Amino acid sequence: MKYKILRTDKAEEQLREIIFYIADDSGNVDIALGYLNKIETAINRLQELPKSGSIPRYSILKKQGYTIIIVERHLVFYKINEVEQTVIIYAIVDGRREYRNLL
């Protein structure tokens, strides 16, 4: 059975900021849309394989139950609700930044 994907408002906003930044920085909307497609594909894969992510390196994030998937330089933080068969996306952040406080 496929898991349902839910996103927090924060994750949606972070994704928008990432895509706008790439479009602005590159001057090419197609590059930004291509990257958006990579992130969306990785997130949608969680419908079939919700446990395919990695455990975060920071113990506080581990204790809070987060799992991570990596899409190039960005980290997608999520939790799995087995009872409701859902994957909740909480944050999408640049892995090069100090991200513990961004969740």
Side-chain angles (χ1 to χ4, degrees):
M1 182 176 172
K2 282 190 175 184
Y3 280 63
K4 183 177 179 183
I5 304 289
L6 302 174
R7 296 185 208 193
T8 63
D9 291 342
K10 184 177 199 172
E12 286 286 349
E13 179 61 28
Q14 289 169 328
L15 183 57
R16 253 190 312 279
E17 288 175 6
I18 291 164
I19 300 311
F20 286 148
Y21 174 81
I22 292 170
D24 187 50
D25 188 54
S26 68
N28 188 330
V29 173
D30 290 334
I31 290 172
L33 293 176
Y35 195 69
L36 173 62
N37 188 49
K38 286 181 186 179
I39 292 175
E40 294 286 359
T41 299
I43 289 171
N44 288 332
R45 206 172 294 129
L46 295 173
Q47 291 176 323
E48 298 286 340
L49 301 166
K51 296 180 182 176
S52 62
S54 303
I55 303 300
R57 67 178 178 189
Y58 293 117
S59 62
I60 186 74
L61 298 176
K62 284 183 210 176
K63 288 178 187 173
Q64 292 174 345
Y66 287 105
T67 304
I68 302 171
I69 53 172
I70 301 168
V71 182
E72 292 190 16
R73 66 179 180 256
H74 287 91
L75 306 175
V76 178
F77 287 85
Y78 67 97
K79 293 182 183 179
I80 303 167
N81 182 325
E82 293 291 352
V83 174
E84 296 182 17
Q85 299 263 300
T86 57
V87 172
I88 303 117
I89 308 297
Y90 284 91
I92 304 169
V93 299
D94 189 324
R96 299 171 297 179
R97 294 181 56 195
E98 179 57 45
Y99 54 81
R100 282 183 291 186
N101 300 326
L102 297 176
L103 296 174

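As the structure is a prediction and not an experimental result, all values here were calculated from the model. FYI, the numbering just counts along the sequence from 1.
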Let me see the working for Arg16 and Glu13 under salt bridge (Lys or Arg N to Asp or Glu O under 4.0 Å), right down to the final yes or no.
CA-CA 5 Å; Arg16 253 190 312 279; Glu13 179 61 28; 3.0 Å; yes
Considering all heavy atoms of both residues, which atom of Ala11 and which atom of Ala91 are nearest to each other, and what is their separation?
CB-N, 3.9 Å
Can you tell me if Asp25 has over 12 outside heavy atoms packed within less than 6.0 Å of its CG?
yes
CG (Asn44) and NZ (Lys2) are apart, to the nearest 0.5 Å, by 8.5 Å
Would you indicate whether the side-chain heavy atoms of Leu33 and Asn37 approach each other to under 4.5 Å?
no
Is a donor on one side and an acceptor on the other found under 3.5 Å between the side chain of Ser26 and the backbone of Asn28?
yes
Ile18 side chain reached by Leu36 side chain, heavy atoms, under 4.5 Å
no
Heavy-atom pair with the smallest gap, counting every atom of Val83 and Asn81:
N-OD1, 3.1 Å
Please report the C-alpha distance between Arg7 and Gln14 in whole Å, then the side-chain angles of each, then the deciding distance to 0.1 Å, and finally whether the side-chain contact (heavy atoms from CB on, under 4.5 Å) criterion is met.
CA-CA 11 Å; Arg7 296 185 208 193; Gln14 289 169 328; over 6 Å; no
Any side-chain heavy-atom pair from Tyr3 and Glu82 closer than 4.5 angstrom?
yes
Between Ser52 and Leu46, which heavy-atom pair has the shortest distance, and what is it?
OG-CD2, 3.8 Å
Considering only distance and modelled atom types, tabulate donor-acceptor pairs under 3.5 Å from the side chains of residues 67-80, sequence neighbours left out.
from: Glu72; atom 1: OE2; to: Lys38; atom 2: NZ; distance (Å): 2.4
from: His74; atom 1: ND1; to: Tyr35; atom 2: OH; distance (Å): 2.6
from: Tyr78; atom 1: OH; to: Pro50; atom 2: O; distance (Å): 2.7
from: Tyr78; atom 1: OH; to: Gly53; atom 2: N; distance (Å): 3.2
from: Lys79; atom 1: NZ; to: Gln64; atom 2: O; distance (Å): 3.0

What verdict does the side-chain contact (heavy atoms from CB on, under 4.5 Å) test give for Ile43 and Ile92, after you've listed the backbone C-alpha separation in whole Å, the side-chain angles of each residue and the deciding distance to 0.1 Å?
CA-CA 10 Å; Ile43 289 171; Ile92 304 169; 4.2 Å; yes
